[in-house]
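Structure first, then comments.
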Amino acid sequence: MANAPGPAEAPRVVLGKIVSVHGVRGAVKVYSHTDPLDNVLDYAEWTLNRGSEQRTVSVLGGRVQGRVLVVNLKGIDDRNKAEELINFEISVAADALPELDEGDFYWHQLEGLKVVNLQGQVLGAVAHLLETGSNDVMVVKPCAGSIDQRERLLPYLPDQFVAKVDLEAKVIQVDWDAEF
């Protein structure tokens, strides 16, 4: 008799990556995708993934050091144990993220959405977003139904270029000329 499938795992969001060790007492250096950097410390438990490996760790504390965080994890108390965690991505359940104000979105919610201009032309789908300093940029790659095979970089500026985001329809409507 086959085992019944378990409950579907909740969607997860990658918030950073362990990139190195710090010192000899097991601290790790973390590159955080959150803004501000130390928001990743708001989560007491992280799921770590590297390839097919997965671990759950408890966060004891951390601090910002330059462009990374130095983090202490429960049970990781020497450099050798810390080195085993290098290159693991840090994720949390998507439903653990704080609620956003109306009209605000997390990047992971925008990735994969079809981008359509005001003339109804499909420009592609959001592959990922880039932080440029002045504003975020959507990297839009061709998808089924695209008007051409061009990759486009569109500024993510609501009320200027982004007319509407419809998560249910999985569409972002933009005020953007297809020739750009």
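Remark: Asp77 pairs with Lys81 by the side chain to side chain contact (heavy atoms under 4.5 Å, CB included) rule, at least two apart or across chains. Scanning for salt bridge (charged side-chain N to carboxylate O under 4.0 Å, His left out) contacts around Arg63 gives an empty result, with sequence neighbours left out. Take Leu167 and apply the side chain to side chain contact (heavy atoms under 4.5 Å, CB included) test, not counting sequence neighbours, and it matches Phe105, Gln109, Leu113, Val165. Lys141 meets the salt bridge (charged side-chain N to carboxylate O under 4.0 Å, His left out) test with Glu151; sequence neighbours excluded. With sequence neighbours left out, the side-chain hydrogen bond (donor to acceptor under 3.5 Å, both in side chains) criterion links Glu102 to no other residue. Every residue meeting the side chain to side chain contact (heavy atoms under 4.5 Å, CB included) condition with Val57, not counting sequence neighbours, appears here in chain and number order: Trp46, Leu48, Leu73. A search for side chain to side chain contact (heavy atoms under 4.5 Å, CB included) contacts involving Asp101 returns Asp104, not counting sequence neighbours. Considering only residues two or more places apart in sequence or on other chains, Arg150 meets the salt bridge (charged side-chain N to carboxylate O under 4.0 Å, His left out) condition with none of them.
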Query raised in the report: Under the side-chain contact (heavy atoms from CB on, under 4.5 Å) criterion, do Lys17 and Phe88 qualify, and how do the steps go?
Result: CA-CA 6 Å; Lys17 185 175 186 176; Phe88 271 87; over 6 Å; no
**Report entry** side-chain contact (heavy atoms from CB on, under 4.5 Å) evaluation trace for Phe180 with Arg152
**Finding:** CA-CA 8 Å; Phe180 290 150; Arg152 293 177 170 80; over 6 Å; no
Return a table of donor-acceptor pairs under 3.5 angstrom between the side chains of residues 22-32 and protein atoms on other chains or two or more places apart.
from	atom 1	to	atom 2	distance (Å)
Ser32	OG	Thr34	N	3.1
Ser32	OG	Thr34	OG1	2.7
Ser32	OG	Leu37	O	2.8

Side-chain atoms of residues 114-135: list all donor-acceptor pairs with protein atoms under 3.5 Å, sequence neighbours left out, distances to 0.1 Å.
from	atom 1	to	atom 2	distance (Å)
Asn117	OD1	Gln119	N	3.1
Asn117	OD1	Gly120	N	3.2
Asn117	OD1	Gln121	N	2.9
Asn117	ND2	Gln119	OE1	3.3
Asn117	ND2	Gln121	OE1	2.8
Asn117	ND2	Trp176	O	3.3
Thr132	OG1	Asn135	N	3.3
Thr132	OG1	Asn135	O	2.4

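No side-chain heavy atom of Ile76 sits less than 4.5 Å from a side-chain heavy atom of Glu84. For the pair Val13/Tyr106, no side-chain contact is recorded, criterion being any heavy-atom separation below 4.5 Å from C-beta on.
Checked by atom type, the side-chain pair Thr47/Arg55 shows no donor-acceptor distance below 3.5 Å.
In terms of modelled atom types and a separation under 3.5 Å, the side chain of Arg50 and the main chain of Ile86 share a donor-acceptor contact.
Among residues at least two apart or in separate chains, there is no salt bridge (charged side-chain N to carboxylate O under 4.0 Å, His left out) pair with a member in residues 164-180. Applying the ring-ring contact (aromatic ring centres under 6.0 Å, His included) test to every pair with at least one member in residues 63-85, sequence neighbours left out, gives no pairs at all.
Applying side chain to side chain contact (heavy atoms under 4.5 Å, CB included) to Val59 and the options Asn72, Val40, Asp42, Val71 leaves one that passes, Val71.
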